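Before any comments, here is the structure.
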Amino acid sequence: LSSFNCVEFRTADAPAEVRAYLADDLSLDCSSAEYAEVRTWAYVFLAAWPVGVPVLYVLLLLAAKRAIRDNRSTALSRASSFLWSEYEQRSFWWEPLDLLRRLTITGFVLIGTQGSPQLRVLAALLVTILFITMQFLLSPFKRPLDDRMMMLGHVCLLVILIAALVINVCNLSADTCETFGMGSTSYLPALVFVIFGTAMLVAGVLLLVWAAGRYASSLPTLRLVENG
């Protein structure tokens with residue numbers, strides 16, 4: 001997916017031109033025939049992995065759907081248990097959907113958004129908000145702690161994306177940045193979001209420690225009886 005990530009530069013020519021180069025290889029012009037060949041191969045591998053794997057997961061779950069819902073152990077349901085065993089029966093399909101979410105916010109947003117970093121962040125932001133809503137409504141995991149940790153992860157990602165959007169806006173226009181009430185540069189907004197994000201991570205660690213303590217206290221106590 002990085003093959004679709006082109007970075008634009010303004011030339012010093014008169015009149016000035018905007019040229020795009022591949023972020024991973026700045027010697028490759030995104031308007032050249034060589035890049036067109038690279039992009040063609042990228043579409044082939046896109047179908048093989050970022051699209052092919054989620055589709056394969058969906059097909060496996062559909063094939064094992066009846067056995068999963070009837071709590072029957074079959075060869076296919078056991079082989080595909082890594083996809084559904086951590087989730088409630090009603091949400092056995094969650095794993096490929098979450099994989100699609102991760103692929104979208106880390107890769108698919110690069111497609112067709114050349115020169116528009118704000119559009120990429122906005123698309124990832126909307127996907128994250130959608131999944132926060134679904135996570136809240138469905139609570140797909142069997143263990144409540146997993147639901148809480150997933151929700152915390154979504155909120156941390158939401159904070160990071162909002163920070164990226166604000167920082168991008170501040171880098172583009174000092175006047176627009178001042179409307180956020182944090183000065184004309186991106187330093188103060190970045191600092192605020194770093195502090196908030198760190199607080200969220202600390203909250204996650206404390207939640208894990210609390211959950212571990214509760215789990216330890218629920219374990220049965222073994223007492224040794226001395227034989228006389």
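Positions are given from 1, in the same order as the sequence printed here. All figures in this text were calculated on a predicted structure; none of them were measured in a lab.
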(message) One thing to verify: whether D98 and R102 come together as a salt bridge, which I'm taking to mean a side-chain N less than 4.0 angstrom from a carboxylate O.
(response)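 Looking at R102 and D98, the cut-off is met.
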
Is it the case that one hydrophobic cluster holds both [X] and [Y], taking links as side-chain heavy atoms less than 4.5 Å apart, direct or via other members?
{"X": "W93", "Y": "L60", "result": "yes"}
{"X": "M150", "Y": "L152", "result": "yes"}
{"X": "V127", "Y": "L130", "result": "yes"}
{"X": "L61", "Y": "L97", "result": "yes"}
{"X": "I167", "Y": "L158", "result": "no"}

(request) Would you please test Y57 and E95 for side chain to side chain donor-acceptor pair (under 3.5 Å) and show each step? (result) CA-CA 8 Å; Y57 284 179; E95 183 64 26; over 6 Å; no

In Å, rounded to the nearest 0.5 Å, how long is the span from [atom1] of [X] to [atom2] of [Y]?
{"X": "L137", "Y": "I132", "atom1": "CG", "atom2": "CD1", "result": "12.0 Å"}
{"X": "L126", "Y": "I105", "atom1": "CG", "atom2": "CD1", "result": "12.5 Å"}
{"X": "L28", "Y": "R39", "atom1": "CG", "atom2": "CZ", "result": "11.0 Å"}
{"X": "S91", "Y": "K142", "atom1": "OG", "atom2": "NZ", "result": "11.0 Å"}
{"X": "L161", "Y": "L125", "atom1": "CG", "atom2": "CG", "result": "5.5 Å"}
{"X": "I162", "Y": "L157", "atom1": "CD1", "atom2": "CG", "result": "10.0 Å"}

(request) Would you mind reporting whether F92 and K65 have side-chain heavy atoms less than 4.5 Å apart? (result)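 Yes. Closest side-chain heavy atoms under 4.5 Å.
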
(request) For residues R101 and H154, determine if any side-chain heavy atom of one lies less than 4.5 Å from a side-chain heavy atom of the other. (result)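 They are in side-chain contact.
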
(message) Angle between ring planes, W94 versus F131, binned at 30° and 60°: parallel, tilted or perpendicular?
(response)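 Geometry flag for F131 against W94: perpendicular rings.
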
Sidechain-backbone polar pair: [X] side chain, [Y] backbone, donor-acceptor under 3.5 Å:
{"X": "T133", "Y": "I129", "answer": "yes"}
{"X": "Q135", "Y": "M151", "answer": "no"}
{"X": "Q89", "Y": "I68", "answer": "yes"}
{"X": "S80", "Y": "L76", "answer": "yes"}
{"X": "D146", "Y": "F141", "answer": "no"}
{"X": "R90", "Y": "L138", "answer": "yes"}
{"X": "S32", "Y": "D29", "answer": "yes"}

(message) Looking at E88, I'd like to know if its CD atom is crowded, meaning that more than 12 non-hydrogen atoms belonging to other residues, nucleotides or ligands lie closer than 6.0 Å.
(response)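 Enclosed.
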
(message) Taking CZ in F82 as the centre, count heavy atoms belonging to other residues, nucleotides or ligands within less than 6.0 Å. Is the count above 12?
(response)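 Yes - once you tally the heavy atoms of other residues, nucleotides and ligands closer than 6.0 Å, there are more than 12.
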
(message) Walk me through whether S77 and R72 qualify under side chain to side chain donor-acceptor pair (under 3.5 Å).
(response) CA-CA 8 Å; S77 67; R72 286 189 295 108; over 6 Å; no

